[in-house]
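Heads up: numbering here begins at 1 and tracks the sequence. Just so you know, these numbers come straight off a predicted model, no measurement behind them.
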Amino acid sequence: MNDYAFSLEMGVRDYECDIQGIVNNSVYQNYLEHARHEFLKTAGIDFKAYALQGINLVVVRAELDYRFPLESGDRFLVGVNLRRESRLKFAFYQDIFRLEDRKPVLNAKITGTALNQRGRPEIPVQLEQFFETREESA
């Protein structure tokens with residue numbers, strides 16, 4: 001497993017599995033989103049507070065490569081890295097590993113931006129400062 005800016009351990013719940021007994025493909029996006037939100041919270045970026053101010057952090061592209069299915073009861077780790085992609089876009093590079101054997105489950109690149117109160121792309125000051133701080137420490 002790689003070094004990540006943030007990681008979160010989670011577990012598969014029975015109701016997340018489909019008729020085949022494996023996690024439904026759409027559920028992985030929930031896992032990824034939860035890990036992204038938790039990562040942002042640790043950086044002092046409150047997704048909900050932004051939304052209440054009329055600033056929305058949105059996904060504009062999701063690329064997921066499924067490697068191995070999780071099953072009910074599996075424990076897994078979601079690793080998160082964040083990279084500035086352009087003036088108005090950023091990307092979360094995320095991986096999921098089954099904890100039992102460190103087996104790679106999924107690799108994802110989730111590209112996002114922020115929309116201001118007028119619905120126009122604009123990176124909020126706090127998020128801009130977060131990127132600058134990360135670039136300086138790299």
Drop me the distance from [X]'s [atom1] to [Y]'s [atom2], to the nearest 0.5 angstrom.
X	Y	atom1	atom2	result
L32	M10	CG	CE	9.0 Å
Q126	I55	CD	CD1	9.0 Å
K89	R61	NZ	CZ	9.0 Å
R120	L88	CZ	CG	9.5 Å
L82	L40	CG	CG	7.0 Å
F97	F76	CZ	CZ	13.0 Å

If you take all heavy atoms of [X] and [Y], which pair is closest and at what distance?
X	Y	value
V105	R98	CG2-N, 3.6 Å
I110	L64	CD1-CD1, 4.1 Å
L99	R102	CD2-NH1, 3.2 Å
A62	Q29	CB-OE1, 4.2 Å
Y31	V12	OH-CG2, 3.8 Å

task: Please work out whether the ring planes of F131 and F90 are parallel, tilted or perpendicular, with thresholds of 30° and 60°.
output: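 Ring orientation of F131 relative to F90: tilted.
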
Mutual orientation of the aromatic rings belonging to F92 and F39 [parallel < 30°, tilted 30-60°, perpendicular > 60°]: perpendicular

Measure the shortest side-chain to side-chain distance between [X] and [Y] over non-hydrogen atoms and say whether it is less than 4.5 angstrom.
X	Y	result
C17	I22	no
L8	V80	no
P124	Y50	yes
I45	F130	yes
Y66	N107	no

message: Can you list everything that forms a salt bridge (charged side-chain N to carboxylate O under 4.0 Å, His left out) with R83? Sequence neighbours excluded, please.
response: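 If we apply the salt bridge (charged side-chain N to carboxylate O under 4.0 Å, His left out) test to R83, skipping adjacent residues, there are no hits.
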
Would the distance check show the side chain of [X] and the main-chain N or O of [Y] forming a donor-acceptor pair, the cut-off being under 3.5 Å?
X	Y	value
Q94	L106	no
N81	A5	yes
S7	V78	no
N56	V58	no

- prompt: Hey, is CG on D65 packed in by over 12 heavy atoms from elsewhere, all under 6.0 Å?
  reply: yes

- request: Please indicate whether R67 has more than 12 foreign heavy atoms, meaning atoms of other residues, nucleotides or ligands, lying under 6.0 Å from its CZ.
  value: yes

query: Is there a chain of hydrophobic side chains (I, L, V, M, F, W, Y, each step under 4.5 Å between heavy atoms) that links F47 to F6?
result: yes

- prompt: Do the side chains of L127 and V59 join up, straight or via other hydrophobic residues, at under 4.5 Å, putting them in one cluster?
  reply: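 Cluster IDs for L127 and V59 match.
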
query: Just by distance, with hydrogens left out, do Y4 and D95 show a side-chain donor and acceptor under 3.5 Å apart?
result: yes

- prompt: Any salt bridge (charged side-chain N to carboxylate O under 4.0 Å, His left out) pairs touching residues 103-114, not counting sequence neighbours?
  reply: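 Found E85-K109.
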
Of all pairs that satisfy salt bridge (charged side-chain N to carboxylate O under 4.0 Å, His left out), the ones with a partner from residues 19-38, not counting sequence neighbours: E38-K41

message: With side chain to side chain contact (heavy atoms under 4.5 Å, CB included) as the criterion, how do E71 and V23 come out once you've worked through the C-alpha distance, each side chain's angles and the decisive distance to 0.1 Å?
response: CA-CA 6 Å; E71 299 176 351; V23 171; over 6 Å; no

Short N-O contact, E132 and R84, less than 4.0 angstrom: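 Salt bridge absent between E132 and R84.
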
- prompt: Less than 4.0 Å between a side-chain N and a carboxylate O, is that true for R75 and E100?
  reply: no

task: May I have the step-by-step check of side chain to side chain contact (heavy atoms under 4.5 Å, CB included) for N24 and E16, ending in yes or no?
output: CA-CA 6 Å; N24 183 277; E16 295 170 329; over 6 Å; no

message: Pair D18, N25 - check side chain to side chain contact (heavy atoms under 4.5 Å, CB included), show working.
response: CA-CA 9 Å; D18 60 22; N25 69 83; over 6 Å; no

